Amino acid sequence: MSKSEGFFYQVHQVAKKIPFGRVTSYGAIANYLGTPKSARMVGWAMNASHNDSEVPAHRVVNRVGLLSGKHHFEGTNLMQQLLESEGVIVKEYKVQDFETLFWDPMKELR
DNA sequence: TGAATGACTTCGG
DNA sequence: CCCGAAGCCATTC
């Protein structure tokens with residue numbers, strides 16, 4: 001209902017570009033959008049994304065690979081199941097081998 | 001208008 | 001990466 005859709009739109013676009021079986025962080029997306037301070041808003045955009053476009057929000061985790069947004073998904077382990085469905089190993093709310101699976105839009109997408 | 005909230009990050013220990 | 005505290009920013013009440 002405001003210009004904020006532009007910010008959400010950008011976040012959605014980047015999220016959609018995340019390769020299969022890869023993950024990224026909110027800060028990475030925020031940094032790519034030029035607003036590293038608004039990392040929290042990326043999560044907010046994700047919250048809005050589930051209501052509109054099909055955004056792989058499950059591929060977006062925090063800086064340590066922790067599934068911080070897990071509680072916002074349906075059920076109790078949907079996010080983890082989605083990641084595991086893509087071959088991502090998740091243990092105790094955390095992505096294993098996160099540094100290897102990490103996808104930085106700034107370096108990869110450029 | 002002001003205060004509270006949160007799917008984060010960074011810094012220091 | 002574990003723990004605690006502070007900063008940032010958009011949205012909501």
Side-chain angles (χ1 to χ4, degrees):
Chain A
M1 309 158 177
S2 28
K3 312 177 265 194
S4 311
E5 290 182 294
F7 180 76
F8 293 144
Y9 180 75
Q10 293 178 88
V11 176
H12 296 170
Q13 291 305 306
V14 177
K16 289 177 183 176
K17 291 173 183 174
I18 302 175
F20 186 92
R22 298 289 292 281
V23 293
T24 189
S25 64
Y26 304 93
I29 296 176
N31 191 19
Y32 175 74
L33 297 180
T35 56
K37 317 288 185 162
S38 307
R40 299 177 108 156
M41 298 302 100
V42 176
W44 211 270
M46 286 289 135
N47 195 12
S49 75
H50 78 73
N51 196 9
D52 203 356
S53 317
E54 293 183 1
V55 178
H58 59 272
R59 292 180 187 155
V60 185
V61 296
N62 73 355
R63 68 171 175 95
V64 298
L66 185 66
L67 280 59
S68 46
K70 183 185 194 330
H71 291 240
H72 293 259
F73 279 81
E74 296 180 359
T76 56
N77 58 341
L78 177 60
M79 188 174 184
Q80 179 171 337
Q81 287 184 3
L82 289 171
L83 288 172
E84 291 180 336
S85 298
E86 300 185 358
V88 179
I89 308 302
V90 180
K91 183 78 171 184
E92 298 293 309
Y93 299 88
K94 286 180 292 186
V95 176
Q96 301 303 288
D97 205 4
F98 175 65
E99 296 185 4
T100 303
L101 297 174
F102 185 75
W103 179 81
D104 189 348
M106 252 219 308
K107 296 180 179 180
E108 306 294 325
L109 186 59
R110 254 186 314 179

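Chain letters run A, B, ... following the sequence lines, proteins first, then strands; residues in each count from 1. Note that the structure is predicted; figures quoted are calculated from it, not measured.
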Taking salt bridge (Lys or Arg N to Asp or Glu O under 4.0 Å) as the test, write out the residues that go with A/Glu108, two or more places apart. none
So with a 6.0 Å cut-off around NZ of A/Lys37, is the heavy-atom count from everything else above 12? no
Along DNA chain B, first and last positions that approach a heavy atom of chain A under 4.0 Å: B/dG6 to B/dT10
Set of side chain to side chain contact (heavy atoms under 4.5 Å, CB included) partners for A/Gln81, sequence neighbours left out: A/Asn77
Under the rule for side chain to side chain contact (heavy atoms under 4.5 Å, CB included), what residues qualify as partners of A/Leu33, not counting sequence neighbours? A/Phe7, A/Gln10, A/Val11, A/Val14, A/Ile29, A/Thr35
Kindly write out the residues that satisfy ring-ring contact (aromatic ring centres under 6.0 Å, His included) with A/Tyr32, not counting sequence neighbours, or none if the list is empty. none
A/Phe102: ring-ring contact (aromatic ring centres under 6.0 Å, His included) partners, not counting sequence neighbours: A/Phe98
Heavy-atom pair of closest approach, residues [X] and [Y]:
X	Y	value
A/Ala39	A/Ala30	CA-CB, 3.7 Å
A/Ala28	A/Pro105	O-CG, 3.8 Å
A/Ser49	A/His12	CB-NE2, 3.1 Å

Quick check on contacts: within residues 13-33 of chain A, what sits under 4.0 Å from DNA chain B by heavy-atom distance? A/Ser25, A/Tyr26, A/Gly27
Counting only non-hydrogen atoms, which of residues 37-48 of chain A are less than 4.0 Å from DNA chain C? A/Lys37, A/Ser38, A/Arg40, A/Met41, A/Trp44
In short, side-chain hydrogen bond (donor to acceptor under 3.5 Å, both in side chains) pairs touching residues 91-105 of chain A with sequence neighbours left out are A/Asp97-A/Thr100
Contacts satisfying side-chain hydrogen bond (donor to acceptor under 3.5 Å, both in side chains) that involve residues 18-27 of chain A (not counting sequence neighbours) are none
Identify the pairs formed between an N or O of the protein and an N or O of nucleotides 2-5 of chain C at a distance under 3.5 Å, and give each distance.
unit_1: C/dC2; atom_1: OP1; unit_2: A/Lys94; atom_2: NZ; d: 3.4

Which donor-acceptor pairs under 3.5 Å do the side chains of residues 55-67 of chain A make with protein atoms, sequence neighbours left out?
unit_1: A/His58; atom_1: NE2; unit_2: A/Glu86; atom_2: OE2; d: 3.0
unit_1: A/Arg59; atom_1: NE; unit_2: A/Glu86; atom_2: OE1; d: 2.9
unit_1: A/Arg59; atom_1: NE; unit_2: A/Glu86; atom_2: OE2; d: 3.1
unit_1: A/Arg59; atom_1: NH1; unit_2: A/Ile18; atom_2: O; d: 2.9
unit_1: A/Arg59; atom_1: NH2; unit_2: A/Glu86; atom_2: OE2; d: 2.8
unit_1: A/Asn62; atom_1: OD1; unit_2: A/Val64; atom_2: N; d: 3.2
unit_1: A/Asn62; atom_1: OD1; unit_2: A/Gly65; atom_2: N; d: 3.2
unit_1: A/Asn62; atom_1: OD1; unit_2: A/Leu66; atom_2: N; d: 2.7

